[in-house]
Amino acid sequence: MLQMLRQTLGVLILLAVITGLAYPLVITGIAQVAFPHQANGSLVVRGGKTIGSELIGQPFTAAGYFWSRPSATTPMPYNAANSGGSNLGPLNPDLQKQVADRVAALRAADPNAPAAVPVDLVTASASGLDPDISPAAALVQAPRIAKARGLDEGQVRQLIDHHTQGRQLGVLGEPRVNVLALNLALDDLAPPRPPESRPHD
Amino acid sequence: MGLEIVQIVIFLAAVLLAAKPLGSYMARVYEGRPCGLDRVGGPLERLIYRIGGINPTSEMSWQRYAISALAFGLAGFVLLYGLMRLQGLLPGNPEHMTAVAPDLAFNTATSFITNTNWQAYGGETTMSHLTQMAGLAVQNFLSAAAGLAVMAALVRGFARKTCATIGNFWVDVTRTTLYILMPLSIILALVLVSQGVAQTLGAFPRTALVEPTKDANGVAVDQQTIAVGPMASQEAIKELGTNGGGFFNANSAHPLENPTPLSNFLEMLAILLLPAAACHMFGKMVGDRRQGWALLAAMLVMYVGLFTLCWLSERGGTPQLAGAGADIRPSALQAGGNMEGKEVRFGIVSSALFATAATGTSCGAVNSMHDSYTPLGGLAPMWLMQLGEVVFGGVGSGLYGMLIFAIVTVFIAGLMVGRTPEYLGKKIEIFEMKMASLVVLVPVLVALIGTAIAVVTAAGRAGAANPGPHGFSEILYAYSSTANNNGSAFAGINANTVFYNVSTGLAMLMGRFLFKIPVLAIAGALAAKKSIPVSPGTLTTHGPLFVSLLVAVVLIVGALSFVPALALGPIVEHLMMIGR
């Protein structure tokens, strides 16, 4: 009995120290030296101010910004301290209503929007923090952005094209556009108009 | 569709290519032979034996092995439970998390020592950095090591002849951790950091939002608090040990746990790596590699079938989404399909690959929300768990589960032709069959009885978040997941209640230990047997005939047990969806 206790505690405590303290601390040390940007959350700094993370989406609702995907996090969208999806089942009437409402909001902001909107732009992501939209979801917003910013639609499309990331290594994942990077580039290209002129804020 | 198929083929090829070298390496570790890392690990290994008073050359009977495994689980439970209850008083808590409630701490500690990693909590809102590192991540290693140890013991049972012992539990756990799990974790963790998985002990950064927003109460919000922590180190072992307990509530869907398609590919590979390699290890240790490849082939057939069901169902989307005005057609510019609860960088195919890899194994990680899957897309991961976690299965538990099904298969084949069944030269007799039946039936009974109790009690029904058959599916998924030690969820279910914390906690304990003990009993019984020579009447257990029989037995047992329940959940929901 005593021998069993010594064996159990000896193995448990030593392995706990190795796997629970030594291992994460060594990895943290190496990561902080070799990949300091990534290890600290891939933060975006502009003009000395931290304005988010490259990997974490942000909510955008102004007509002059590309909108991100809907986010189901609480109590506010894109809450990066409380990730999660809607977990609505495929036949849940709430889901159908939410999708229909989002389609309607997009049409309200741009009456010329096509009848069917790219699905990722009207469905909540799994994490609630998806930083990306599909190229289709970006392109469908181009006319609205061009109008709100006083830009030529071609310029906006060019910007989307420039910010579209292809499949990684040519095959993995899906093509995508990082919304924060795209909107920051948009601000550089044509500074946003003052807030009172935004029709949808 | 072409590029999607290319991704699938590359993924499966990578799993199969890695299985052989890694399996050979694992065989060396469990046979006590030099493995190449002895110079680094040797001193640590010897230190552990010295402090624990362990004689590494002394072996154990199956009973002693089982008691050691139970003691190790119990001690791990006490340590983890204590850490969670006391985290508010301990260092390593920059976000000032308070003590975890007793029922949740019981559930979580049970969940991690059983390699289930069911998460009734949201990581970033509940656990301190210390709890994540020194509590949860430790059990990610040790519960996986304990599973692999039991597997090694069962394989020795087949490999040995008239032998009273099946190995030394402490040696197996120590060597697994130091020589298998640790080196792979270090490599994977660093690659994941390079992709953007955070690894810091600092507090959560507060950053300014480009466009301020409002919360649910209309209060202006101009900041984003970005949860970070020692994530990459935990993410690596979470996948390699088929644990699945995420740092974040959103698990591997969270962009800081799984930032790129490449990180996603490596995480999926890590999930299937050890379970696939274990098959080759088995073949090597019993002296006939074809035996291992036969088991792997059976796993692969079932995986590809259920993955395809999941993938095509999700790719097709739902008439409801299309009806609400969404364009669900896949094209070069969008993944299309059912994107509710999925991330754009993964789209449909990488989500379905991950979902089926993590439920076929006992990993239970998610990179998309299974609760929002189409009815048949969600049936695939649910049934993969209900098959007993043998489609690759958990680290260790997958192979030992599959070997039990192999025993049942030779028994049934023996009945058909009227011969005493034998497998790898061992006669399968009444004791082995009793134990094997127990192993097959326990998770089925726990899952179905758990579901039945939940649906007839108000506290159980209160957990369902979606109306109609989908709510039933959530409950069935929860007990299938916990009874089979998977840990994934139809996450809408409100599982952080006393009812669910206690009942799923008990399901996890029964699913783990009532499974492990009979497996060790079989290991002991087999080791003690003589080996009988192959005769013309011996059923060949490495050819296509045996693989087909094995697949049939797994699927028939899974179907007979669960089709009635599935009919009330995903199947009726599918009919409702298409009948609209």
Side-chain angles (χ1 to χ4, degrees), chain A residues 4 6-8 10-12 14-16 19-20 24 27-28 31 35 38-42 50-53 55-56 58-60 75-76 80-85 87 89-92 96 99-100 103 116 118-120 122-123 125-127 129-132 134-136 168 171-174 176, chain B residues 6 48 51-53 71 75 133-134 138 141 170 177 189 193-194 196 198-200 207-209 211 213 215-216 221 224-228 230 233 248-250 253-255 259 261-262 265 318 320 324-328 333-335 339-341 343-345 347 368-369 371 374 466 470 491-492:
Chain A
M4 174 73 86
R6 177 177 167 197
Q7 291 174 335
T8 308
V11 174
L12 177 66
L14 278 171
L15 286 180
T19 60
I27 299 288
T28 306
F35 308 104
Q38 291 96 318
N40 292 307
S42 305
T50 311
I51 54 163
S53 162
L55 296 173
I56 300 290
Q58 294 189 13
F60 290 100
M76 62 281 202
N82 190 15
S83 56
N87 288 312
L91 302 192
N92 193 317
Q96 290 164 53
V99 172
V103 172
V119 63
D120 60 291
V122 291
T123 47
S125 62
S127 62
L129 305 172
D130 197 339
D132 303 313
S134 67
Q168 203 170 5
V171 285
L172 299 179
E174 300 291 331
R176 59 204 199 275
Chain B
V6 172
I48 291 171
I51 292 191
M133 282 192 328
V138 165
F141 277 97
W170 305 115
T177 309
V193 177
S194 79
Q199 179 73 24
T200 166
T207 64
L209 284 173
E211 186 193 310
T213 183
D215 72 10
V221 177
Q224 200 174 28
T225 301
I226 298 178
V228 293
S233 54
F248 291 116
N249 187 40
H254 195 296
L262 180 61
F265 181 85
T318 68
Q320 285 69 20
D327 179 4
I328 57 170
L333 295 175
Q334 69 158 357
M339 284 297 288
E340 179 71 24
E343 301 280 301
V344 166
R345 61 194 178 285
S368 54
M369 292 302 148
D371 211 347
T374 60
N466 279 285
H470 200 79

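Given the structure is predicted, the values throughout are model-derived calculations rather than measurements. Side chains are part of it too, since the values below use all heavy atoms of this structure and drop only hydrogens, waters and symmetry mates. Letters A, B, ... are given to chains in the order of the sequence lines, protein chains preceding strands, and every chain is numbered from 1.
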TODO: For A/F60, enumerate each residue passing the ring-ring contact (aromatic ring centres under 6.0 Å, His included) test, keeping only those at least two apart in sequence or located in another chain.
DONE: A/Y65

Task: Under 4.5 Å from any heavy atom of chain A - which part of B/Q224 - done: side chain

TODO: To the nearest 0.5 angstrom, please state how far the CG atom of A/L91 sits from the CG atom of B/N466.
DONE: 9.5 Å

TODO: Tell me, out of B/A335, B/A71, B/G325, B/G347, who's got the most heavy-atom pairs with chain A below 4.5 Å.
DONE: B/G325

- [ ] Measure the shortest side-chain to side-chain distance between B/R345 and A/D130 over non-hydrogen atoms and say whether it is less than 4.5 angstrom.
- [x] yes

Open item on the list: Distance check, rounded to the nearest 0.5 Å: B/E340 atom CD versus A/D120 atom CG?
Closed with: 11.5 Å

Open item on the list: Could you work out, with salt bridge (charged side-chain N to carboxylate O under 4.0 Å, His left out) as the rule, every residue matching B/D371, not counting sequence neighbours?
Closed with: none

Task: Top of A/G84, A/P75, A/G41, A/P131 for chain B proximity - count of heavy-atom pairs under 4.5 angstrom - done: A/P75

TODO: Kindly compute the distance separating OG1 (B/T177) from CG (A/L14), expressed to the nearest 0.5 Å.
DONE: 11.5 Å

TODO: For residues B/I226 and A/S53, report the shortest heavy-atom separation together with the two atoms involved.
DONE: CD1-CB, 3.7 Å

Task: Contact summary for B/V344 and A/S134, nearest pair of heavy atoms - done: CG1-N, 3.8 Å

Task: Minimum side-chain heavy-atom gap A/P59-B/L209 below 4.5 Å - done: yes

TODO: Quick one: closest heavy-atom pair of A/A81 and B/A227, and the distance?
DONE: CA-CB, 4.2 Å

Open item on the list: I need the A/T123 OG1 to B/I328 CD1 distance, nearest 0.5 Å.
Closed with: 11.0 Å

Open item on the list: Heavy-atom pairs under 4.5 Å with chain B - which of A/L172, A/D132, A/V122, A/V103 has more of them than the others?
Closed with: A/L172

Task: Donor-acceptor under 3.5 Å (A/S127 side chain, B/P255 main chain) - done: no

Open item on the list: Rounded to the nearest 0.5 Å, what separates atom OG1 in B/T213 from atom CE in A/M76?
Closed with: 8.5 Å

Open item on the list: If I compare all heavy atoms of A/A126 with all of B/S368, which pair ends up nearest, and what's the gap?
Closed with: CB-CA, 3.8 Å

Open item on the list: Between B/P230, B/P261, B/A491, B/G492, who has the most heavy-atom pairs with chain A when the cutoff is under 4.5 Å?
Closed with: B/P261

Task: Under 4.5 Å from a heavy atom of chain A, the part of B/T225 involved - done: both

Task: Interface moiety of A/V119 toward chain B, non-hydrogen atoms closer than 4.5 Å - done: both

Task: Largest heavy-atom contact set with chain A, pairs under 4.5 Å, which of B/A189, B/A208, B/A75 - done: B/A208

Task: From B/E343 atom CD to A/S125 atom OG, the distance as rounded to the nearest 0.5 Å - done: 4.5 Å

Open item on the list: If only side-chain N and O atoms count, and only distance matters, is there a donor-acceptor pair under 3.5 Å linking A/Q38 with B/S194?
Closed with: no

Task: Whether A/R6 side chain and B/I51 backbone form a donor-acceptor pair below 3.5 Å - done: yes

TODO: Could you go through the side-chain contact (heavy atoms from CB on, under 4.5 Å) check for A/L15 and B/V138 one step at a time?
DONE: CA-CA 8 Å; A/L15 286 180; B/V138 165; over 6 Å; no

Open item on the list: Under 4.5 Å from any heavy atom of chain A, what part of B/V6 do you find: side chain, backbone, both or neither?
Closed with: side chain

Open item on the list: Please give me the minimum heavy-atom distance between B/A250 and A/S83, naming the atom from each residue.
Closed with: N-OG, 3.0 Å

Open item on the list: Any heavy-atom pair between the side chains of A/I56 and B/H254 that's under 4.5 Å?
Closed with: yes

Open item on the list: Please find the pair of heavy atoms, one from B/G196 and one from A/L55, that lie closest to each other, and give the distance.
Closed with: O-CD1, 3.4 Å

